[in-house]
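Structure record follows, encoded as structure tokens.
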There are 2 protein chains.
Amino acid sequence: MVSTSRRTLADDIVRALKAEIRGGSYAPGSRLPTEAELCRRFGVSRATVRGAVKELDVLGLVRTQHGVGTFVTPRPAVRDGLERMGSITESIRASGKIPGHEYARRTLRPLLPDEAERMGVPPDTEVLELRRRITADGDVVAYSYDLIPRSLLPERFDPEELTGSVFAYFENRLGIHPTLGMAKVHAVESVHIAWGPDAGKHRLFILLDQLHYDRTHRMLAYSRTYFVEGAYEFHLVRTSD
Amino acid sequence: MVSTSRRTLADDIVRALKAEIRGGSYAPGSRLPTEAELCRRFGVSRATVRGAVKELDVLGLVRTQHGVGTFVTPRPAVRDGLERMGSITESIRASGKIPGHEYARRTLRPLLPDEAERMGVPPDTEVLELRRRITADGDVVAYSYDLIPRSLLPERFDPEELTGSVFAYFENRLGIHPTLGMAKVHAVESVHIAWGPDAGKHRLFILLDQLHYDRTHRMLAYSRTYFVEGAYEFHLVRTSD
DNA sequence: GGGCGGCGGGTTGTCCGACAACCTCAGGTG
DNA sequence: CACCTGAGGTTGTCGGACAACCCGCCGCCC
């Protein structure tokens with residue numbers, strides 16, 4: 001959950017209810033069990049249940065009504081969008097296609113001064129530079145350019161072992177969980193971005209110029225991802241108070 | 001806040017603390033007063049305070065640590081981005097520039113079948129069609145195209161009274177609060193979008209193809225906003241659990 | 001002197017029981 | 001039929017208590 005510590009009882013309940021809601025156990029708009037019932041079911045006090053429900057409320061999964069009950073919010077068709085941090089690979093797989101990665105460059109080099117400033121790290125930091133293409137069912141979806149601080153990588157790091165999703169590598173190999181991304185969005189038209197067999201074929205892109213952090217605000221990576229216009233569905237859920 | 005009802009005590013506390021945090025009353029990373037202190041200060045029970053702090057936690061404004069305290073999260077420079085629903089006008093003003101609106105069309109007409117399907121309303125719905133340019137210090141920032149159901153507008157509606165921000169019109173004149181937007185993002189290259197004095201000058205845009213809702217999921221508007229690439233800083237804060 | 005461990009105070013997490021505020025709906029009343 | 005009233009159920013708030021946890025102090029031991 002949001003807090004830093006281990007796992008609290010409320011967290012467990014949040015996870016359980018999240019899974020049920022997303023899994024469709026409750027029809028959209030239907031009532032959640034009352035707090036008293038949830039107490040019995042999870043064997044915790046009402047204070048704990050209230051904490052969990054409060055979180056689901058703030059997250060927008062449910063809505064509470066004083067004196068009535070709490071209801072699962074009828075979500076529009078698209079659940080998560082661009083505002084949700086997540087692996088591109090994963091979202092491709094979710095759309096029923098098979099993701100692929102083709103690496104063109106995996107080299108260690110010192111950071112240039114302007115890059116260091118953009119990333120907010122010392123100028124002499126050593127980074128791993130990646131260039132790759134991300135594909136879905138063989139079609140190029142995005143051209144990506146990433147810089148990852150050497151200090152995050154294992155002592156004995158072999159660039160060859162980085163073959164698939166960078167996101168998955170962080171999660172599974174390094175035990176690092178990217179949870180925050182700060183991106184700038186641009187429309188880009190250029191024939192110099194695409195390379196490989198499709199060089200020059202794509203020329204219109206959505207650029208995500210992005211800094212990645214974990215929950216402690218440690219800088220994890222700087223990436224520029226050029227999504228081929230039309231090849232990737234970009235959704236965005238926007239909210240206000 | 002998130003819940004539907006009036007205003008709860010916890011809501012008031014959330015607002016007060018939000019204002020203080022955003023206003024910089026607490027240094028980033030510093031401690032929030034303890035729950036006990038907040039109880040005394042607001043004259044409420046700990047249950048209420050905990051509800052408020054929980055919300056701030058989930059919203060990412062603070063972070064609680066069991067046995068230590070709760071701390072305001074050190075926010076990166078950019079606070080809100082594209083994922084935050086809000087008036088374009090407002091964000092222009094926030095950047096220190098003066099927003100302007102130039103309307104080219106304000107007409108009532110019935111909806112076309114494909115538009116109706118996209119908006120999820122009956123095919124014969126009458127809508128107000130708007131075409132306008134949004135400027136900052138006189139420079140065009142975006143070309144916008146909006147459709148608003150006639151049923152939301154006052155009985156006696158004069159198109160001429162809609163002169164500035166549509167967002168502000170909703171809030172102030174109609175008492176309607178847009179809180180949710182579902183957008184598709186595209187990169188667009190075309191010479192046929194810009195009109196007026198700058199016709200043909202702009203040809204690269206970021207398109208936000210968006211449906212607006214209020215908190216009860218009532219459809220408020222369908223809009224296509226073409227942001228002139230480079231004229232508007234697009235930030236996006238992405239998060240995961 | 002330096003390192004280790006325990007202890008105490010402070011803070012958040014959870015529990016319990018109770019009441020207030022609020023909504024719904026059935027039934028009565030005019 | 002319209003309106004009021006009340007009972008019952010649900011969330012919001014209250015008060016007090018204890019558990020789990022973190023930190024720093026202090027004394028003990030080597």
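We name chains A, B, ... by the order of the sequence lines, and we start the count at 1 in each one.
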Report task. Starting at atom NZ of B/Lys54, determine the distance to atom P of D/dG12, rounded to an integer number of angstrom. Result -> 15 Å
Query raised in the report: Taking the side chain of B/Leu9 as heavy atoms from C-beta outward, which of D/dT10, D/dC14, C/dT12 is closest to it?
Result: D/dC14
Requested in this report: For B/Asn172 and B/Ala168, indicate whether the former's side chain and the latter's backbone hold a donor-acceptor pair under 3.5 Å.
Outcome: yes
**Report entry** Nearest-angstrom distance from the residue atom CG of A/Asp12 to P of C/dT14
**Finding:** 9 Å
Report summary line: Here the distance between atom C1' of D/dT11 and atom CG of A/Leu56, to the nearest Å, is 15 Å
Query raised in the report: Okay, side chain of B/Arg46, backbone of B/Ala36: is any donor-acceptor separation there less than 3.5 Å?
Result: no
Query raised in the report: Rounded to the nearest 0.5 Å, how far does CD1 of B/Ile176 lie from CD1 of B/Ile148?
Result: 9.5 Å
Requested in this report: Identify, between A/Val68 and A/Gly43, the residue whose nearest nucleotide on DNA chain C lies closer to the 5' end.
Outcome: A/Gly43
Report task. Find which nucleotide of DNA chain C each of A/Val44 and A/Gly67 is nearest to by heavy atoms, and output the residue with the more 5' nucleotide. Result -> A/Val44
Report task. Record whether the side chain of B/Arg46 comes under 3.5 Å of the base of C/dG13 through a donor-acceptor pair of N or O atoms. Result -> yes
Requested in this report: Enter the distance from B/Met119:CE to B/Leu220:CG here, rounded to the nearest 0.5 Å.
Outcome: 9.5 Å
Query raised in the report: Between C/dG13 atom C1' and A/Glu55 atom CD, what is the distance in whole Å?
Result: 14 Å
Report summary line: Taken to the nearest whole Å, CG/A/Leu32 to P/D/dT11 is 9 Å
Query raised in the report: When we call it a touch if two heavy atoms are under 4.0 Å apart, what does B/Val53 touch: a base, just sugar-phosphate, or nothing?
Result: nothing
Query raised in the report: Which distance, rounded to the nearest 0.5 Å, do you find between the NZ of A/Lys18 and the CD of A/Glu55?
Result: 6.0 Å
Query raised in the report: Distance check: side-chain N/O of B/Thr64 vs OP1/OP2 of C/dG13, anything under 4.0 Å?
Result: yes
Query - Rounded distance (Å) that lies between atom C1' of C/dG13 and atom CD of B/Glu35 - result: 9 Å
Query - Atom-to-atom span, CD of B/Gln65 to C1' of D/dC23 - whole angstrom - result: 12 Å
Report summary line: When rounded to whole Å, the CD1 to P distance for the pair A/Ile13 and C/dG13 reads 14 Å
**Report entry** OP1 or OP2 of C/dC15 under 4.0 Å from side-chain N/O of A/Ser45
**Finding:** yes
Requested in this report: Would you mind telling me which of C/dT14, D/dT10, D/dG12 lies closest to the side-chain atoms of A/Thr34?
Outcome: D/dT10
Report task. Look at the side-chain N and O atoms of B/Thr70 and state whether any lies under 4.0 Å from the OP1 or OP2 oxygen of C/dT11. Result -> no
